[in-house]
Amino acid sequence: MSEKSCNNSECSKESCEGCPSKGATQSFLVEPNIHSNVKKVIGVVSGKGGVGKSMITASLATLMQQQGYQTGILDADITGPSIPKMFGLKGPAQGTEEGIYPEEAKNGTKVMSVNLLMEDEEAPVIWRGPVISNMVKQFWSDVMWGELDFLFVDMPPGTGDVPLTVFQSLPVDGIVVVTSPQDLVSMIVKKAYHMAKTMNIPIIGIVENYSFIKCPDCDKKIKVFGESHIDEIAGTLGLEVLGKVPIEPDYASAADAGEFYRIKNDYIQKASQILTKL
Ligand SMILES: Nc1ncnc2c1ncn2[C@@H]1O[C@H](COP(=O)(O)OP(=O)(O)OP(=O)(O)O)[C@@H](O)[C@H]1O
């Protein structure tokens, strides 16, 4: 993004010389709601679907909340929202002329998601890209987040419209990349890595989900998806590995029961240490 902030089609090369806008970088940042004071915005991204990005977003918010920070989750996964259900939240969200209130989970984590605005949470969102992107911007400009230490943004998978909108419109302080231990991961992590670099967004680190499962009888770690390559990839890219999270049936059952706020995901403690220093 290195366009001039001047949109005047009359401008000629000569008249641009001496113009105060010359060389200025255009900002697409959207103003937050007047009732929001969000200290840090953290994006949670994945290169492909189904790696457990929402579960890691929910874990990060819950972990920081358990440590005494006030957290929120902006569910930017508009066509596949899963955060409200994980926290046992149902719409409709309430509002005033000045904005919409996020809903609050039992642990105090605040959530906004398209599912809290729909009359029927099972109705599909069949909207085109620009409408979806605008909704994400409104989750920043129209939601009264109040005082938050950390707002985690659960992104849709990939490097499409919505991640681009979030990176351009919200003051993102860093991203966490979620992966699984499969062969394709190297390429997928690199795509997310290059997107963040291009957009000048700092990468906090990588979390590997589905790393292993613990044998209930002998505690042996079984690597269901094969050997992990995450340390090598992180080493090559100069990134931190924030944690290796096992397949843990309790995570899935807590999510299904709408009680994710009771989960303590100790496997990502390193992420919390880094987040507190941001
Ligand atoms: N480590 C884990 N142990 C047990 N269950 C998990 C784990 N990680 C994720 N799950 C479960 O797997 C399912 C998919 O996870 P999740 O919704 O977080 O994936 P996602 O990457 O956000 O998906 P999408 O990319 O489609 O939005 C959920 O039911 C979730 O509870």
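Atoms within a ligand are numbered from 1 in the order they appear, just like the ligands themselves.
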Practice task
Give a yes/no on ligand 1: does Pro156 have at least one heavy atom closer than 4.0 angstrom to it?
Solution key: no
Practice task
Could you tell me whether Asp75 and Lys85 make a salt bridge, using a distance below 4.0 angstrom between a side-chain N and a carboxylate O?
Solution key: no
Exercise for the section: With atom 1 (N) of ligand 1 as the reference point, say which of Ala254, Ser253, Pro246 has the nearest heavy atom. Expected result: Pro246
Problem - ligand 1 contacted by Ser46 (non-hydrogen, < 4.0 Å) - result: no
Handout entry: Heavy-atom protein neighbour under 4.0 angstrom from atom 29 (O) of ligand 1
Key = no
Exercise for the section: Return a yes/no value for Ser54: is any of its N or O atoms, backbone included, closer than 3.5 angstrom to an N or O of ligand 1? Expected result: yes
Exercise for the section: Output yes when the distance from some N or O of ligand 1 to some N or O of Asp256 is under 3.5 Å, and no in every other case. Expected result: no
Handout entry: Heavy-atom check, side chain of Asn134 versus side chain of Val131, under 4.5 Å
Key = no
Handout entry: Heavy-atom nearest neighbour in the protein, as seen from atom 4 (C) of ligand 1, with distance rounded to 0.1 Å
Key = Glu248 O, 3.2 Å
Problem - Side-chain ion pair, Arg262 and Asp250, N-O less than 4.0 Å - result: yes
Completion exercise
When distances are taken from atom 16 (P) of ligand 1, the protein heavy atom at minimum range is Gly52 CA, 3.7 Å
Practice task
Output yes when a side-chain donor or acceptor of Asp149 lies under 3.5 Å from a complementary backbone atom of Thr71, and no otherwise.
Solution key: no
Completion exercise
Result for side-chain contact (heavy atoms from CB on, under 4.5 Å) between Glu240 and one of Val176, Ile274, Ile203 points to Ile274
Exercise for the section: Indicate yes or no: does an N/O atom of Val51 lie under 3.5 Å from an N/O atom of ligand 1? Expected result: yes
Practice task
Verify the contact flag for atom 7 (C) of ligand 1, where contact means a protein heavy atom under 4.0 Å away.
Solution key: yes
Problem - Per-atom contacts, ligand 1 versus Tyr251 - under 4.0 Å to a heavy atom - result: 1 (N), 2 (C), 3 (N)
Exercise for the section: Say whether Gly49, considering both its backbone and side-chain N or O atoms, lies within less than 3.5 Å of an N or O atom on ligand 1. Expected result: no
Handout entry: Shortest protein heavy-atom distance from atom 5 (N) of ligand 1, along with the residue and atom involved
Key = Ala252 CB, 3.7 Å
Exercise for the section: Compute both the distance and the angle, then confirm whether Lys221 meets the cation-pi test with Phe212: under 6.0 Å from the six-membered ring centre, within 45 degrees of the axis. Expected result: yes
Practice task
Please confirm whether Gly50 comes within less than 3.5 Å of ligand 1 when only nitrogen or oxygen atoms on both sides are compared.
Solution key: yes
Handout entry: For atom 27 (O) of ligand 1, the protein heavy atom that lies nearest, with its residue and separation
Key = Asp77 OD2, 2.9 Å
Practice task
Among all protein heavy atoms, pick out the one at the shortest distance from atom 9 (C) of ligand 1; state its residue, atom name and that distance to 0.1 Å.
Solution key: Tyr210 OH, 3.4 Å
Exercise for the section: Kindly compute the distance separating NE2 (His194) from CE (Met199), expressed to the nearest 0.5 Å. Expected result: 15.0 Å
Practice task
Around atom 20 (P) of ligand 1, find the nearest protein heavy atom and jot down its residue, atom name and distance.
Solution key: Lys53 N, 3.5 Å
Fill in the blank from the handout: min-distance protein heavy atom vs atom 18 (O) of ligand 1 -> Met55 N, 2.8 Å
Exercise for the section: Please indicate whether any nitrogen or oxygen in Ala255 is less than 3.5 Å from any nitrogen or oxygen in ligand 1. Expected result: no
Problem - Any N or O of Asn209 closer than 3.5 Å to N or O of ligand 1 - result: yes
Exercise for the section: Decide yes or no for Val224 and Ile247: does some side-chain heavy atom of the first lie under 4.5 Å from some side-chain heavy atom of the second? Expected result: yes
Exercise for the section: Identify whether the distance between the nearest side-chain nitrogen and carboxylate oxygen of Asp154 and Lys53 falls below 4.0 Å. Expected result: yes
Exercise for the section: Indicate yes or no: does Lys110 engage Glu103 in a salt bridge with an N to O separation below 4.0 Å. Expected result: no
Practice task
Work out which heavy atom in Trp140 is nearest to a heavy atom in Val30; give both atom names and the distance.
Solution key: NE1-O, 3.0 Å
Practice task
Check the side chains of Ser272 and Gln269 for a donor-acceptor pair under 3.5 angstrom, ignoring hydrogens and angles.
Solution key: yes
